[in-house]
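Numbers for residues simply follow the sequence, beginning at 1.
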Amino acid sequence: MTERRLISVDADLGDTVTVPTVPTASTASTASTASTASTASTAATAAIASVAPVADRESDTALWNSLRRYTQARIGLGRAGSALPTRHRLELQAAHAAARDAVHSPFDPDVVASALTGVPTIRVRSAAPDRLTYLQRPDLGRRLHDVDRAHLPRDGWDVVFVVADGLSSRAVHEHAAAVVRATTQRLPSDWRVAPVVLAEQARVALGDDIAHALGAGMAVVLIGERPGMSAADSLGAYLTYGPRPGRTTDADRNCLSNIRPPLGLSHTAAATKLATLMRRARDLGRTGVSLKDEPTPTLPQP
């Protein structure tokens, strides 16, 4: 059996693949096949060279490299034949695996509690009994477990911070405690802050149920955001004034997303923005579409 060595077009790896050739019945047929393959290969090489001269390809590479400094998006990856280059394909598979791990990795409240030493915490669960149910039944993740509801101390709290696993426990483990500490340090000293609630199998709306049970006027839910192919550790912060279980909608909330230093919003920047929104929400008596990140400009008086 004869062998033919094919050189991969993936210039990043320069792989060489040995492909066994099926024996042919006729020498003339083999020669004809080789001649046809050689002609096709020459034509393909000429076509590629005519479409993308070497100088142009080098210029394109420099352009994409300069643009990649400003984004984590996968841009200008090139191609190997009709597919992605092997290196980028493997990176994509690794990112997908990291996203799946973030969703399925269990939330460990002890990690957050230990990072909040000196801050009182309470642990609760949603009505979803396990991770599979949580993923299949989003509605259960929005309801507080009946047993845990009785453990929440009802009082006239101004705000409650709810640390929820959401869809990325990794994000919560790495960022939530730092954001809670930095935000509370920026609040007025006369605000009554409830014990931090650590919630398992939780959706954003679980904060409404928790705040209502505590008698808190405002809820801040710090939750692991849905992992993407460029970030599996992104934390979101959802602010709701006067939360009402089953009646509060997404339009009634303000959200800060992509809290994940150093590539996203820093803990300090997130805390500063969040504390500002909380003070303005208390003054206005509302959050959501009625509360803007920046003060509304006033028109000059005639």
Sequence neighbours excluded and cut-off under 3.5 Å, please list the side-chain donor-acceptor pairs for residues 107-115, or say none.
residue : atom : partner : partner atom : Å
Asp108  : OD1  : Asp110  : N            : 3.1
Asp110  : OD1  : Arg123  : NH1          : 2.8
Asp110  : OD1  : Arg123  : NH2          : 2.5
Ser114  : OG   : Asp110  : O            : 3.0
Ser114  : OG   : Val111  : O            : 2.9

[X]: partners by salt bridge (charged side-chain N to carboxylate O under 4.0 Å, His left out), with sequence neighbours left out:
{"X": "Asp101", "value": "none"}
{"X": "Asp148", "value": "Arg125"}
{"X": "Arg282", "value": "Asp158"}
{"X": "Arg226", "value": "none"}

Less than 3.5 Å apart, any donor N or O on the side chain of Arg253 or Thr287 sitting next to an acceptor on the other?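 There is no such pair between these side chains.
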When you compare the side chain of [Y] with that of [X], does any pair of heavy atoms fall below 4.5 Å?
{"X": "Arg89", "Y": "Pro85", "result": "no"}
{"X": "Pro188", "Y": "Arg279", "result": "yes"}
{"X": "Ile210", "Y": "Leu144", "result": "yes"}
{"X": "Asp233", "Y": "His173", "result": "no"}

Shared hydrophobic cluster for [X] and [Y] (ILVMFWY, side-chain gaps under 4.5 Å):
{"X": "Val197", "Y": "Leu206", "answer": "yes"}
{"X": "Val221", "Y": "Leu256", "answer": "no"}
{"X": "Tyr238", "Y": "Val163", "answer": "no"}

How close do [X] and [Y] get, counting heavy atoms only, and between which atoms?
{"X": "Leu291", "Y": "Arg280", "value": "CD1-NH1, 3.6 Å"}
{"X": "Asp208", "Y": "Pro243", "value": "OD1-CB, 3.4 Å"}
{"X": "Gly156", "Y": "Arg192", "value": "O-NH1, 3.7 Å"}

I need the full list of side chain to side chain donor-acceptor pair (under 3.5 Å) pairs touching residues 214-223, with sequence neighbours left out, sorted by first then second residue.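 Of all non-adjacent pairs touching residues 214-223, none passes side chain to side chain donor-acceptor pair (under 3.5 Å).
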In this structure, are over 12 heavy atoms from other groups packed under 6.0 Å from Arg100 atom CZ?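 Incorrect, the count does not exceed 12.
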Quick one: does Arg186's side chain have a donor or acceptor within less than 3.5 Å of a partner on Ala182's backbone?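 Here the side-chain-to-backbone pair exists.
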Check for a donor-acceptor pair, side chain of Arg143 on one end and backbone N or O of Leu140 on the other, with a separation under 3.5 Å.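 No.
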Using the rule given for side chain to side chain contact (heavy atoms under 4.5 Å, CB included), can you reason through Leu222 versus Val172, listing the C-alpha separation, both sets of side-chain angles and the distance that settles it, and then say yes or no? CA-CA 8 Å; Leu222 302 176; Val172 176; over 6 Å; no
To the nearest 0.5 Å, how far apart are [atom1] in [X] and [atom2] in [Y]?
{"X": "Leu198", "Y": "Leu116", "atom1": "CG", "atom2": "CG", "value": "7.0 Å"}
{"X": "Arg131", "Y": "Ser105", "atom1": "CZ", "atom2": "OG", "value": "9.0 Å"}
{"X": "Leu152", "Y": "Trp157", "atom1": "CG", "atom2": "CH2", "value": "11.0 Å"}
{"X": "Ile259", "Y": "Lys273", "atom1": "CD1", "atom2": "NZ", "value": "10.5 Å"}

Take His151 and Val124 through the test side chain to side chain contact (heavy atoms under 4.5 Å, CB included) and record every step on the way to the result. CA-CA 8 Å; His151 298 158; Val124 301; over 6 Å; no
When clusters are formed from ILVMFWY side-chain contacts under 4.5 Å, directly or step by step, what else is grouped with Val289?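 In the cluster with Val289 there is nothing else; it is isolated.
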Taking ILVMFWY side chains as joined if any heavy atoms are under 4.5 angstrom apart, and letting links pass through other members, which residues group with Leu135?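 For the cluster that includes Leu135, the remaining residues are Val103, Tyr134, Leu167.
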If you look only at distance, which donor and acceptor atoms sit under 3.5 Å apart when one is on a side chain in residues 211-220 and the other is two or more places apart or in another chain?
none

side-chain hydrogen bond (donor to acceptor under 3.5 Å, both in side chains) partner of Asp252, chosen from Thr248, Thr249, Asn254: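 Per the side-chain hydrogen bond (donor to acceptor under 3.5 Å, both in side chains) rule, the option paired with Asp252 is Thr249, out of Thr248, Thr249, Asn254.
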Could you walk me through whether Arg170 and Asp165 satisfy the salt bridge (Lys or Arg N to Asp or Glu O under 4.0 Å) test, starting with their C-alpha distance in whole Å, then the side-chain angles of each, then the deciding distance to 0.1 Å, before giving a yes or no? CA-CA 8 Å; Arg170 174 185 167 188; Asp165 51 0; over 6 Å; no
Set of ring-ring contact (aromatic ring centres under 6.0 Å, His included) partners for His145, sequence neighbours left out: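 Not a single residue meets the ring-ring contact (aromatic ring centres under 6.0 Å, His included) criterion with His145.
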Residues in side-chain hydrogen bond (donor to acceptor under 3.5 Å, both in side chains) with Arg137, at least two apart?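 Partners of Arg137 by the side-chain hydrogen bond (donor to acceptor under 3.5 Å, both in side chains) criterion, ordered by chain and then number, come out as Asp139.
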Tell me, which pairs form a ring pair (Phe, Tyr, Trp, His ring centres under 6.0 Å) where one or both residues lie in residues 264-288, sequence neighbours left out?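 Listed once each, the pairs are His175-His267.
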